[in-house]
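Written below as structure tokens is the structure these notes are about.
One-based numbering along the sequence shown. Predicted model, so just to flag it, every value in this text is computed and none were measured.
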Amino acid sequence: EFFAGGNLADLEPDPLFGGFFANLGDLTDPNNPFLQPLTPGEFQSISATDRTNADSSNSAINLTVNGDLFELPAGWISMAGILEWGTQEYDIQLDPRLINGDFWGITGTGGGGSRDRYAIGSEFLVPIHEMLTATAAIRYDKYDDITEVDDAVTYGLGLEFRPMRELLVRGRFATSFRAPDMHFVFADPSGFFAVLPDYYLCAKDLGIDEDSPGGLASCIDPVRGPLGTSSVQGARAGNPFLKEEEGESFTLGFVWEITDGLSLTADYYSIKLDNIVVDKNIDTLLRDERACLLGGQYTVTPGTSCDVVIGNITRNPVDGGINSQTLVSVLTGPFNQAVQETHGIDTSIKYALNTARMGLWTFDLAYTYVFDQKSAALPGDPVVSYQDDGTQDLKDRGRASVSWVYKDFGTTLFMNYLGESLTNDSLSSSTLVYVDPQYYFNLTMVYNITDQFNVSFIGNNIFNNEPPQTTGEDYPYFNVFNYDPYGTEWFIELGYTF
């Protein structure tokens with residue numbers, strides 16, 4: 001949102017980013033000065049190199065011991081133990097020009113800190129019967145840093161039942177403990193830029209919301225121009241008061257060797273995490289601001305403090321101008337979410353065929369399906385499903401591979417399947433649409449020239465499949481957390497073993 005001199009009467013609405021821009025003249029005229037290339041000197045005068053420095057270290061000492069303790073009628077009791085000490089530290093020194101805002105549209109995240117960690121644990125395998133085996137594990141962790149994290153004891157219990165040689169039934173229950181990532185704790189205040197919806201202003205001044213015809217794209221004020229979405233500077237900082245993440249998991253499944261070389265595996269899993277560390281959702285923050293200020297048909301997320309929400313959002317003063325009450329900045333940061341739950345099923349089938357003349361063939365197929373995902377933001381909030389709320393989390397995924405090894409040559413064709421997901425059909429609409437599944441194929445070929453020397457030929461995404469694009473995303477118009485932007489890649493590697 002800018003203009004390069006001139007009168008306010010020359011300003012025109014910008015339909016894409018909101019706000020206004022200068023009348024740049026006829027952009028089809030090749031002599032228009034705005035279309036002329038910059039000279040090297042002009043480019044140097046408006047550009048610079050970011051000189052940010054970062055260092056990190058992670059040191060650890062592990063002592064392990066394992067062996068058999070004593071024999072029972074069904075077999076030996078085995079034990080493994082571990083003793084750990086570790087220390088971590090990092091430091092990010094931002095270029096001062098980033099902090100001062102000298103680079104237009106770019107910010108950075110500084111920070112630094114250290115922590116020490118101590119742990120001791122042991123695991124036991126106990127043969128109860130020739131068909132039944134139990135496992136038990138216990139571990140103690142202690143953290144020494146500025147957070148609320150102190151220490152925790154976690155454990156796991158498992159049973160394996162083998163009624164026949166070809167079938168194994170197994171189940172396990174375990175607890176977990178995880179300290180927050182260091183940059184969630186020690187990050188300095190920093191900024192970012194995002195295109196954000198102005199739910200409050202559109203509803204208050206124009207009576208338009210995401211469910212109106214045309215969505216927030218129709219939110220255009222005659223004086224201030226488009227208000228539906230605008231480029232806003234956000235701010236984020238670490239939270240030294242974070243607590244540890246705790247969890248429980250349960251799995252139950254089987255392994256079945258159907259015939260020689262053919263096996264089937266299936267496992268049901270259920271995971272519950274408490275105090276999981278996540279960043280405050282900006283979209284939810286802006287929706288809660290609308291509900292806090294307007295009430296009526298708009299409701300606040302359960303457990304939300306309106307004072308905190310309004311205090312985290314900065315707007316221009318009400319002055320009747322082109323920027324009257326428009327968004328200036330939004331403050332966000334990590335916090336301990338109350339609960340997150342997920343459950344689903346993992347399956348796989350493998351077949352190996354060893355031939356005398358044609359080498360070893362291996363076929364592998366695996367598939368994961370997520371039944372549901374639930375969460376609650378704050379203690380006391382209801383735990384509700386978000387599986388179909390447009391979070392873009394994949395509902396299922398799979399992989400398949402075919403491998404062939406013959407003498408000194410080996411090759412694998414690998415397929416990665418990313419299932420469908422839900423997303424908004426545009427930046428200004430609450431209508432959800434399905435994103436198509438995606439397939440990627442990789443190819444690897446290896447030839448052992450000698451016992452020590454080999455050459456590999458590797459191809460990634462060999463059919464150049466592109467990520468599914470949606471109108472509900474900013475550039476690059478696909479979910480960067482689910483898909484990567486790389487097309488076909490080819491590599492040749494030479495390996496030598498000493």
Side-chain angles (χ1 to χ4, degrees), residues 50 52 54 56 90 92 105-109 181-184 187 190 192-196 231 234 236 269 271 276-279 281-283 332 334 340 342 344 346-348 364-370 373 386-403 410-427 432-446 456-493 495:
D50 173 11
T52 293
S56 64
Y90 83 105
I92 302 175
I106 299 176
T107 64
T109 303
D181 292 343
M182 292 183 68
H183 206 51
F184 278 138
S190 61
F192 58 90
F193 291 90
V195 177
L196 302 177
S231 180
R236 182 186 183 279
Y269 67 86
I271 302 171
I276 185 171
V277 179
V278 297
D279 266 1
N281 185 284
I282 297 180
D283 187 80
T332 185
Q340 182 168 318
T342 182
D346 291 329
T347 61
S348 68
D364 191 350
L365 178 65
Y367 178 74
T368 295
Y369 185 83
V370 180
Q373 298 182 93
Y386 64 91
Q387 174 88 349
D388 299 320
D389 288 349
T391 61
Q392 301 196 34
D393 289 342
L394 299 178
K395 291 178 175 293
D396 62 340
R397 63 175 65 222
R399 68 179 190 272
S401 65
V402 179
S403 299
T411 183
T412 298
L413 178 63
F414 177 85
M415 182 203 74
N416 190 27
Y417 160 77
L418 303 176
E420 64 182 14
S421 59
L422 277 172
T423 184
N424 292 347
D425 67 351
S426 71
L427 289 172
L432 297 176
V433 296
Y434 281 100
V435 179
D436 292 335
Q438 186 66 13
Y439 300 86
Y440 295 95
F441 291 85
N442 300 336
L443 177 66
T444 301
M445 291 184 287
V446 181
S456 301
F457 181 71
I458 302 169
N460 292 334
N461 193 10
I462 58 177
F463 297 118
N464 200 34
N465 292 328
E466 296 182 358
Q469 297 188 355
T470 67
T471 57
E473 292 287 336
D474 295 323
Y475 176 84
Y477 312 116
F478 66 88
N479 187 332
V480 297
F481 299 104
N482 288 345
Y483 314 98
D484 66 55
Y486 300 107
T488 301
E489 298 177 304
W490 298 103
F491 303 90
I492 295 178
E493 293 183 354

task = Could you tell me the separation between the OG atom of Ser401 and the CG atom of Leu443, rounded to the nearest 0.5 Å?
result = 12.0 Å

query = Any idea which heavy atoms bring Gln438 and Asn465 closest together, and the distance?
reply = NE2-CB, 3.3 Å

inquiry  = Within the structure provided, determine whether Phe478 and Pro485 are in side-chain contact (heavy-atom separation under 4.5 Å).
reply    = yes

request  = Could you grab the distance from atom CG of Asn416 to atom CG of Asn461, nearest 0.5 Å is fine?
outcome  = 10.0 Å

task = Identify the heavy atoms of Arg236 and His183 that sit nearest to each other, and give their distance.
result = NH1-O, 4.3 Å

ask   = Do Val370 and Tyr269 have side chains that get closer than 4.5 Å, going by heavy atoms?
value = yes

key: Nearest atoms (heavy-atom pairs only) where Asp396 meets Glu420   = OD1-N, 3.7 Å

query = Are any non-hydrogen side-chain atoms of Phe463 and Tyr439 less than 4.5 angstrom apart?
reply = no

note = All heavy atoms of Pro437 vs all of Tyr417, minimum pair found to be CB-CE1, 3.6 Å

ask   = Is the number of heavy atoms from other residues, nucleotides or ligands under 6.0 Å of Glu466 CD greater than 12?
value = no

message = Nearest 0.5 Å, please: how far is CE in Met415 from CD1 in Ile462?
response = 12.0 Å

Euclidean distance, Thr488 OG1 relative to Asn464 CG, rounded to 0.5 Å = 4.0 Å

Close side-chain approach of Phe457 to Thr411, heavy-atom, < 4.5 Å = no

ask   = Say you draw a straight line from OH of Tyr369 to CG of Asp346; how long is it, rounded to the nearest 0.5 Å?
value = 13.5 Å

query = In Å and rounded to the nearest 0.5 Å, what is the CZ to OG1 distance from Arg399 to Thr368?
reply = 7.5 Å

task = For the residue pair Leu394 and Asn482, establish whether any side-chain heavy-atom pair is separated by less than 4.5 Å.
result = yes

ask   = Looking at Ala187 and Tyr90, what are the two nearest heavy atoms and their distance?
value = N-OH, 3.8 Å

ask   = Is the closest side-chain heavy-atom distance between Asn460 and Tyr440 below 4.5 Å?
value = no

